Protein chains: 8
Amino acid sequence: MKPMVSIIMGSDSDLPVMEEAGKILEWFGIPYTITVASAHRTPERTLRLVREAEKKGVDVFIAGAGMAAHLPGVIASHTTLPVIGVPLDASPLNGMDALLSIVQMPPGIPVATVSLGKPGARNAGILAAQILARRDAGIAKKLVAHRKEMAREVEEKASRLKKKN
Amino acid sequence: MKPMVSIIMGSDSDLPVMEEAGKILEWFGIPYTITVASAHRTPERTLRLVREAEKKGVDVFIAGAGMAAHLPGVIASHTTLPVIGVPLDASPLNGMDALLSIVQMPPGIPVATVSLGKPGARNAGILAAQILARRDAGIAKKLVAHRKEMAREVEEKASRLKKKN
Amino acid sequence: MKPMVSIIMGSDSDLPVMEEAGKILEWFGIPYTITVASAHRTPERTLRLVREAEKKGVDVFIAGAGMAAHLPGVIASHTTLPVIGVPLDASPLNGMDALLSIVQMPPGIPVATVSLGKPGARNAGILAAQILARRDAGIAKKLVAHRKEMAREVEEKASRLKKKN
Amino acid sequence: MKPMVSIIMGSDSDLPVMEEAGKILEWFGIPYTITVASAHRTPERTLRLVREAEKKGVDVFIAGAGMAAHLPGVIASHTTLPVIGVPLDASPLNGMDALLSIVQMPPGIPVATVSLGKPGARNAGILAAQILARRDAGIAKKLVAHRKEMAREVEEKASRLKKKN
Amino acid sequence: MKPMVSIIMGSDSDLPVMEEAGKILEWFGIPYTITVASAHRTPERTLRLVREAEKKGVDVFIAGAGMAAHLPGVIASHTTLPVIGVPLDASPLNGMDALLSIVQMPPGIPVATVSLGKPGARNAGILAAQILARRDAGIAKKLVAHRKEMAREVEEKASRLKKKN
Amino acid sequence: MKPMVSIIMGSDSDLPVMEEAGKILEWFGIPYTITVASAHRTPERTLRLVREAEKKGVDVFIAGAGMAAHLPGVIASHTTLPVIGVPLDASPLNGMDALLSIVQMPPGIPVATVSLGKPGARNAGILAAQILARRDAGIAKKLVAHRKEMAREVEEKASRLKKKN
Amino acid sequence: MKPMVSIIMGSDSDLPVMEEAGKILEWFGIPYTITVASAHRTPERTLRLVREAEKKGVDVFIAGAGMAAHLPGVIASHTTLPVIGVPLDASPLNGMDALLSIVQMPPGIPVATVSLGKPGARNAGILAAQILARRDAGIAKKLVAHRKEMAREVEEKASRLKKKN
Amino acid sequence: MKPMVSIIMGSDSDLPVMEEAGKILEWFGIPYTITVASAHRTPERTLRLVREAEKKGVDVFIAGAGMAAHLPGVIASHTTLPVIGVPLDASPLNGMDALLSIVQMPPGIPVATVSLGKPGARNAGILAAQILARRDAGIAKKLVAHRKEMAREVEEKASRLKKKN
């Protein structure tokens, strides 16, 4: 099936975090690819991946990176497709370096930044679904179901807590 | 014309920043509404605006707020449409409070966060266009034109700088 | 017994921290309820809990949350009862995100913010007692006793330290 | 009339900020005193003010201070009445020093911390009203009216904005 | 022997850090006392310890505390003897709360602040020795010897490193 | 008269701040010298000043610097006399760079750090007086008088505030 | 004359800061070019400038940028020549965003980062001279002269200060 | 063989990080020395090492230090050779203290700062190679090879990831 989302991460050590985005996309039935590219060590590869993804008709990029996390911004500089950036906690600075390097993009080239680490990776998947739902009623319905499912889980936890007390 | 984007800001003092988002949307020919709602002082109004916007068929929310900037997250909690959050510098803490209050959303409810202040408001407009372009080829073309226009401006500035030296 | 305090936390994983507030309330003989509600995943549940608590005659809310911790502020936006916010350390940012999201409330809707994590949860319980003591002489007396008890513990620790040296 | 709230600030240069708390209290018809005391330069005066306020039957303290802002905590160490702390932006560090010095109280002695500067001073006044409303139905009613008034103002601003556009 | 330095810490859990100050004072042959007092939970005890130390002829206070670390400043407010403050890392905020609460004293009441944690506790002991050396030639000589000893250790480590390579 | 304190600053642009230390020393009748030396641009001059000051019998150094503020630490590395460091706000980072560069000295070489900017310069002067008072009863008396004078000023301001209200 | 250094800045508004680097290079007699390129808005132009500079035999790049300052890192990803990065203060975050985006480069692609703003731009020029001096004895001599000149200026300022006092 | 790079670290506990710089230099076949010197505990040793290195014809210094990390700046104040500074995470402040103490050098004395910890140590080695390559074509060639090798590794990791999925 033609991929709709391209997940790219700066290093293969980011996989345990970034595969959370993939899992969410699978829940929504959204086909995606996931690979590694370094904005700094492999600028040509990064550009090639963007061009290939555009040709294949990908709609959204999800890019995760740590430290001076340029990957989402570099991807955004090569495409006009929406780019979602996931800041990773990969240095002693607790991810503040990645967060500022991703979110503080100059005017003209946005990166849709989500929270640090795993919660952010999951939210990146959901945000991609929200974007795709603008033209796909099936995904739009699943988003409502997903929201209900989350609410149900909270209610369940509350019940369990009540019994315990 | 039916609005495609709903811009909501936490206070009318945020207008000089948030109207940058509106200007960009006008450049792209994207109809939008702009209004004020406080997540904290007017929670009912915020919910009502979200419901009305959904009924009118709005596709994207852009929400700007400062301090403990809950507005984008509160909107996101009431809809499954994509919400773009613009952190505003409205306290002595240089907008770091607004940035963290907007970007660090828990798993399940993403807010697409952009940079602080005016650059962020402009990028919010472009990001909205990128999202809408997923189903509107006209906007997709304009995004490419906008990118070229920005590149041309940089080249022009470089020429002017060269002459001066 | 009619609950006087309602403790709400953003996630059941916050229980080990937030039950510290409950333990203190028990020491003071103040009846309370404790449950889970997410400002973002379950906005309706949050509102319902606030309405129910108000009906039952609850006097004070204690709300603990991490990351973009909107829960205390969202509760405060739905009630004029005092809301005590406990910022939790639930992301790589060491709780600075939760602290700023809770304390930097805009003018009009205060949240009484206490310290991060367990010390904050305990202080939330004491602050609730201090508020209730404004009309309950029994709690007021217990507050004085609690203070003396704490002073006695410090003196005891000092004695033990002296013997050791 | 017997004062119900005692406002104390670390320096008379804090008056333009801290009188915001007083204005709010006047709106609610809550009698208060306002004075200057330095936790560091006048520890005896600070203690004397606390003792006098307790004798006069004051219910709530509001203390504002900048830099290593110990005033709210020092007051809290001398009384079991609720103490609301307002961090002030009075050094190059943008008030982060005052915020952490006030909010990060150790377990046992809470300070109810509100936002930095003027918004915080205003919220301190409202929080004091919320505390007093636990035993004063008149103030409780005014709190609901105040909330409605704020909502009305937002609606009005939204109307004005709509006309302008 | 009459104590020359009084070490006070906010909590007995600070002992493993603060005893480093004691060890250094022992190296210099400077008699000292070490005890626990909380600026917030035991303000009277803190004041009493200061008065007693002054009567016994103590010359320097060393105070260590974490979180909203008021202990050094509260001691300094009760005496004109020099007070050395050691910020401790005792909260999720990595000691930044303690550092700012100690160093940012308002004009008039200085606290001589040293580095965070164990290095700071050791430096507090040395700084106390440097102060006492202003009138005690024996300590002044030992300070020179201590400096030489440290230099010798570095040279030794460098030799060992050289052999290893 | 033989100087007792040597004030050194990293740049002559620091004079308006650092002369506050000098004014306080004059109030106490403590002779001092004040000059400029850069730890980085003039390391030899810095060393020479330290050696000369030691020969003249100076007792305390006060060093003020901004940015990567090494001056106090470099002076401390060349002497066993107490060194007081005043962090200056001389870059966009609000003095946080200077504060951390001065206070976070490694174990073995303390710098007695005071608050940022003018309040810190004033406190540096008072701290120097507190150190000298360990062997000079005249200065010790003046410290008590200075404390009373400060308390009197606060009382006066409180009276003026009372009349105004 | 063949340029030895290529100065590139992210925006023409950075000129007042970045021309400081040029002035220093002129003092050393080092030929250079200065132009504008945006890593994000003009990625092709940036790459072209790097390729052209390499062909012309440029030895060192100096790149200045603010916000999510990717320019130095993007240049470094396209060349193995040394790249000096100057973080600029161009957002409410005081340049902390630019600093972390430039200095926190992942392993493999270094950027030689200097201080924020004008002091950094000047230091970038000197660092370029230090690099070029590794094979150019003339520049090496000038570096020694420049150091002496700076020391002389400090001595002069010290003399002037002495006369004034 | 005559050393071209001198690696100096503030403490022998920094060896596991700083030897990463040495390993990279070995890969490039660049001879180096590695030793310990403390800017504060052994200022004379530091100066002596700089003078000796200059005499031996060393071209570049790499200095790693934590806390108030003055070592790179102190070395830079004694030489006009390029100095690369590696900030180390050696205190509760996550290396932010070391980073600001190294990068924020005042105008006139640059330190080429790289990222925190091991990635920075590796980048320091590569940056030294880039500087030496300005006059050594062999190293210049190896830099290109090193870049290719890194790109190959990323491609390999991407292949492995693809197979796994």
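All figures in this text were calculated on a predicted structure; none of them were measured in a lab. Numbers restart at 1 for each chain; the letters A, B, ... are given by sequence-line order, proteins then strands.
Within the model, atoms CG of D:N123 and CD of D:Q130 stand 8.5 Å from one another, a figure rounded to the nearest 0.5 Å. Atom CG in D:D136 sits 5.5 Å away from atom CE in D:M4 (nearest 0.5 Å). To the nearest 0.5 Å, atoms CD (C:E155) and NZ (C:K162) are separated by 10.5 Å. Here the CZ atom belonging to C:R160 is positioned 5.5 Å from the CD atom belonging to C:E156, to the nearest 0.5 angstrom. Within the model, atoms CD1 of C:I126 and CD1 of C:I24 stand 4.5 Å from one another, a figure rounded to the nearest 0.5 Å. Atom CD1 of C:I131 is separated from atom CG of D:L127 by 6.5 Å, given to the nearest 0.5 angstrom.
C:K2 NZ: more than 12 foreign heavy atoms inside a 6.0 Å radius.
Residues C:T42 and C:V36 form no side-chain contact, since every pair of their non-hydrogen atoms from C-beta on lies 4.5 Å or further apart. D:I7 has its side chain within reach of D:L25: a pair of non-hydrogen atoms, C-beta onward, lies under 4.5 Å apart. Residues C:K157 and C:L161 are not in side-chain contact: their nearest non-hydrogen atoms beyond the backbone lie 4.5 Å or more apart.
Options C:Q104, C:E20, C:R134 differ in how many heavy-atom pairs under 4.5 Å they form with chain D, and the most are formed by C:R134. Ranked by non-hydrogen atom pairs under 4.5 Å with chain D, the options C:M105, C:R135, C:R147 are led by C:R147.
Ion pairing of D:R48 with D:E44 is absent here, as no side-chain N (NZ or NE/NH1/NH2) approaches a carboxylate O to less than 4.0 Å. A salt bridge is defined here as a Lys NZ or Arg NE, NH1 or NH2 lying under 4.0 Å from an Asp or Glu carboxylate O, and D:E26 with D:K23 fails to meet this definition.
Listed in order of number, the residues of residues 70-87 of chain C that approach chain D to under 4.5 Å between heavy atoms are C:A76, C:S77, C:H78, C:T79, C:T80, C:L81, C:P82. Among residues 53-65 of chain C, the residues having any heavy atom closer than 4.5 Å to a heavy atom of chain D are, in sequence order, C:D59. Listed in order of number, the residues of residues 90-102 of chain C that approach chain D to under 4.5 Å between heavy atoms are C:M96, C:L99, C:L100. Of residues 137-145 of chain C, those residues with a non-hydrogen atom less than 4.5 Å from any non-hydrogen atom of chain D are, in numerical order, C:L143, C:V144.
With a 4.5 Å cut-off on non-hydrogen atoms, C:M150 touches chain D through its side chain but not through its backbone. For C:R122, the part lying under 4.5 angstrom from a heavy atom of chain D is the side chain only.
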For this session: Determine, stepwise, if the pair C:E52 / C:T33 fulfils side chain to side chain contact (heavy atoms under 4.5 Å, CB included).
Result: CA-CA 11 Å; C:E52 285 173 9; C:T33 57; over 6 Å; no
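Nearest approach of C:D14 to C:G10, heavy atoms of both residues: OD2-N, 3.5 Å.
A donor-acceptor pair is defined here as one N or O able to donate and one able to accept, closer than 3.5 Å; such a pair exists between the side chain of C:T46 and the backbone of C:S38.
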